[in-house]
Amino acid sequence: METENVRDCLQVIRRSLLVCAPLQAWSSPASTAMAAPAKLTLLLPTTLTSTVSFPSRVVLKPFPPLQRLVVAAAASSSSSQTLLSSPSLETPEARQIRLETESALEWGSVCSRLADFAATAAGRAACVEGRVAVGRSREESERLIEQTAAAVLLSAPLDFGGVEDVSAVVAAATGGRLLAVREICGVGRSIRAARGVFDQLQSLAQETQDGSRYSPLLDVLQGCDFLTELVQRIEFCLDSTLSLVLDRASKMLETIRRERRRNIEMLESLLKDTASKIFQAGGIDSPVVTKRRSRMCVCVKASHKHLVPGGIVLSSSGSGATYFMEPRDAVELNNREVKLSGDERAEELVILGLLTSSIVDSQLKIRNLMDRILELDLAIARGSYALWTNGVKPSFSDGYSSSQSDQSSDYSVYIEGIRHPLLLEHSLMAEDSTIEASEMPVPLDLWVKKDARIVVISGPNTGGKTATMKTLGLSSLMSKAGIFFPAKGRPRIPWFDQVLADIGDHQSLEHSLSTFSGHISRLRRIVEVVSKDSLVLIDEIGSGTDPSEGVALSTSILKFLASKVNLAIVTTHYADLSCLQSVDSRFENAAMEFCLETLQPTYRILWGTTGNSNALSIAKSIGFDQKVLDRAQEWVEKLLPDKQKERQGLLYDSLLDERNLLESQANEAASVLSQVEGLYNEIRLEADDLESRVAALRTRETQNVQQELKVVKSQMDTIIKNFEVQLKNSKLEQYNSLMRKAEAATASVVAAHQPNEITFNDDENQSLFVPQIGDKVYIQGLGGGTMATVIETLGEDGSCIVQYGKIKVQVKRSKMKLVQRGTNETATSSSVKPKGRTPKQRSAAAETNQSQDGSVSFGPVVQTSKNTVDLRGKRVSEASYELQMAIDSCRPCQVLFVVHGMGTGAVKDCAIDVLRNHPRVAKFEDESPLNYGCTVAYIQ
């Protein structure tokens, strides 16, 4: 059905196209005296010119040029609103201020960094050009934030392969240009790839239990028309790999190409025969069939031109020694080839015109689909950027009321531990780990109360006032664009409709603007465009003029802005501006911290305080003349009352001390909490691991029992078969003897697999057995097959402490039975004397590590990741070095688990040797049945 529709449309277009133009005959003078009885007509393309002479009997007619197909498509009067459109109703003045603010805040750099995470060419271009979508309303910004949050949760990246930027192609088709095969195939591939992206999202949503978490991303492409019919039509008519029109595109094209192939076969066969005859007659060095002036011909020497009777010279070589001649019999075939070639091209243009017209008809749907794909690509890029910078999801505060009960509900701006994104990127982009913590950007705490409208930041030069202000402005733009910024917790910030900034020196000789006039000109434009939801950032307000007039003008501007904007952040060195807080509750002060000991700024902001410029301290730190600084200090003391200076300094110092105390206590509490949580997690993991080990041991024992049963069954079957065979071949009087032999064999099998019953003789144990450290013994009450190791002897009664796995118990000598006497090396290694210490040091260590009953008290024998050193898979030298480092880093009276594995035993021998000779190892225990491949060392 699709093929019939395409062919019907082609028939309609074919009738309306003018594919032929009037033929205009032209002839060239004769260049040869060769005569022929009839005239021949050659159809040639009009682009060819006459380079050789033709016989007078030959009439040359140009083939009509194919008219260029112009597709007229009426574009809709209302174009679709794209995501990257400029804000509506924005005045030129407001737009200019916005662009200058984005430049001052380096918004373009953030967008350029986002381009590294975009998957499509259109997405990368939008980021590089700074056309990242910024929400024009609070609802739109919240939608962008939700898209970013969903992109962060993606379990697998989306494949945007095949999506191309076809906006220019669609625009060219709308403008009336006929699209090429490659361009039309690109449109088809992009539409199909867009459908593939949507299918990937749906698959990810179905694989997750909570599929709704991808809803913000699915909503982007939900309801889009993926133009399946147009894609199928393009793929049916065109081959995107070879960039050509397929035969099946139309019935006429298929017929034309079939006839052309048949005609070419006939023409080549004729010319090959002619070339072979010329070669055999000596008219050419080798038979050659070529093409000249778009016509097939043969080569012949000029002296042998007579070998091609009635032939037409189409061209000649540069030397004139060789002619390219068309035989008389090939003229009609060449004419037909030229005609069929033109018909084929005309039919291809008709098909391309139809497809171009279809693209024009669907231009709005294509643009809408590509805009949605761009929006989805930018959302995925924002999610990847958030993961790269450890960004957190911001939320918008209403600024006047809140239902939250936490501390942040009292603030309109509550951002804890934010780092400037661009400063953080330089650290993240370091290829190696040479960036230390001290070189990372200092985190800032931005807390602005709800009733505050003006925040005055004071402090020293190079103290971070401007960077703090830029950080807030940039975080506002990022939250509006749905980009997460690096901070802690759950940051809250108002939604600002405009971010207006006056930062930097606006001096301009071209416009006759001084530094002060440049600032005032910018402030005038800001005041004209501000609204109740605007954020205003002013750096060094009132500077560049007389201080008294600057303070007066600044005070007036700030009081005006307090009733016009949502929030204004200003930096200043004027102390009088910091005094406005005492008379107007809409003002709030903040200061940048400065360390008087190091004479360096700490880049930390102190809310509710006023800071000093510390100009003299900074001048001293850079090596200024001390005499000049002393004289300046004298002037400062004359201008500033001593009591006020002393009171201010004392208050500042007390606040710093109190803050440092609270911070140290908070850090200590956080450290303790972290250690407790870590210990709890490790114990829980160890408990889970213990259960798995017990289950594995049970499984192994079950397998051993089953294997033993198979062996017993096999032995009993053998005994029975032997008995039956001997019974058949024996006499009656031998029956009793055979029975006794069979019973004896059966009894031996039973005895061989009978559990050993260990008897404990009190007299023998008391008289002969003296337990020593390292002895392997059986313990009464633990089972006949349970073997323990003596690790410590206690009293004269012979009682001692034995260990079975990780279990230690005190047992009397009468309850033990010796299995294997410990070797001298084991006994010695289990109780290693510390080396390299003086007697006084050894006694002091013993007193320190001994408890009240005189025994050494070590930590709990519980294996965790912190008290375990894994030597498996290492060379002997590496294992020795790592074990010594682990012992040296242990705390006193700590238990160390040395995991050396079984293997060849080389690593185990090395570990035992290190433990035996290390001065800090008090004793160690060999591996046990429940702890194969692990030796426990006790560090003093």
Side-chain angles (χ1 to χ4, degrees), residues 389-395 397 402 404-421 423-424 427-428 435-450 452 455 457-460 463-465 467-469 471-472 475 484-493 569 581 588-612 648-684 864-866 891:
T389 60
N390 291 326
V392 295
K393 177 182 177 181
S395 60
S397 57
S402 177
Q404 299 182 6
S405 59
D406 57 358
Q407 182 183 3
S408 64
S409 61
D410 298 332
Y411 298 88
S412 60
V413 176
Y414 189 86
I415 306 177
E416 183 180 5
I418 185 174
R419 287 182 167 91
H420 194 286
L423 297 179
L424 181 62
S427 302
L428 296 176
I435 301 298
E436 300 179 358
S438 59
E439 300 178 4
M440 294 289 288
V442 178
L444 299 173
D445 296 331
L446 303 180
W447 301 330
V448 181
K449 295 181 179 179
K450 287 186 175 181
V455 176
I457 303 178
S458 57
K465 300 188 300 296
T468 301
M469 185 170 55
T471 301
L472 178 60
S475 63
F484 292 4
F485 48 77
K488 299 179 182 178
R490 301 177 59 186
R492 298 173 65 249
I493 189 173
I569 309 293
Q581 182 188 20
E588 184 175 352
N589 291 331
M592 303 306 298
E593 185 182 30
F594 186 84
C595 182
L596 297 177
E597 296 179 358
T598 61
L599 300 180
Q600 295 292 332
T602 62
Y603 305 107
R604 300 175 65 179
I605 188 169
L606 305 176
W607 292 93
T609 63
T610 58
N612 296 323
Q648 181 181 0
L650 292 175
L651 178 60
Y652 182 75
D653 293 339
S654 64
L655 290 175
L656 287 181
D657 294 340
E658 183 178 359
R659 190 203 65 187
N660 294 334
L661 177 61
L662 293 176
E663 284 185 352
S664 63
Q665 293 176 352
N667 293 334
E668 184 178 357
S671 177
V672 173
L673 177 60
S674 176
Q675 293 178 1
V676 172
E677 290 178 348
L679 183 58
Y680 169 75
N681 292 331
E682 289 190 9
I683 293 176
R684 185 180 61 182
T864 65
S865 61
K866 293 184 178 179
R891 300 190 303 273

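Only this structure's heavy atoms are used, side chains among them; waters, hydrogens and symmetry mates stay out.
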For Lys450 and Tyr411, which heavy atoms make the closest approach, and how far apart are they? CG-C, 3.7 Å

Measure the spacing between NZ of Lys449 and CG of Asp410 and express it to the nearest 0.5 Å. 8.5 Å

Distance (rounded to the nearest 0.5 Å) between Gln581 CD and Asn589 CG: 4.0 Å

Which heavy-atom pair separates Ser412 from Ser397 by the least distance, and what is that distance? O-OG, 2.7 Å

For Trp447 and Tyr414, take the angle between the two ring planes, folded into 0 to 90°, and tell me which bin it lands in: parallel under 30, tilted 30 to 60, perpendicular over 60. parallel

More than 12 heavy atoms of other groups within 6.0 Å of Glu668 CD: no

Distance check, rounded to the nearest 0.5 Å: Arg492 atom CZ versus Glu416 atom CD? 13.5 Å

I want to check something: taking the side chain as every heavy atom from C-beta on, are Leu661 and Ser664 in contact at a cut-off of under 4.5 Å? yes

Show the nearest heavy-atom pair for residues Phe485 and Ile415, with the distance to one decimal. CE1-CG2, 4.0 Å

Do Thr389 and Pro421 have side-chain heavy atoms sitting under 4.5 Å apart? no

For Ile605 versus Asp445, what's the shortest heavy-atom pair and its separation? CG2-O, 3.3 Å

Looking at Ala590 and Trp607, what are the two nearest heavy atoms and their distance? CB-CE3, 3.7 Å

Should we count CD of Glu658 as having more than 12 external heavy atoms under 6.0 Å? no

Side chains of Thr468 and Leu446 in contact at under 4.5 Å (non-hydrogen atoms): yes

Spacing of CG belonging to Leu472 relative to CD1 belonging to Ile493, to within rounding of 0.5 Å: 5.0 Å

Exercise: identify the closest heavy-atom pair between Arg659 and Leu606: NH1-CD2, 2.9 Å

Looking at Ser475 and Thr471, would you say the former's side chain and the latter's main chain have a donor-acceptor pair under 3.5 Å? yes

Once rounded to the nearest 0.5 Å, what's the spacing between atom CD1 of Ile457 and atom CD of Glu588? 10.0 Å

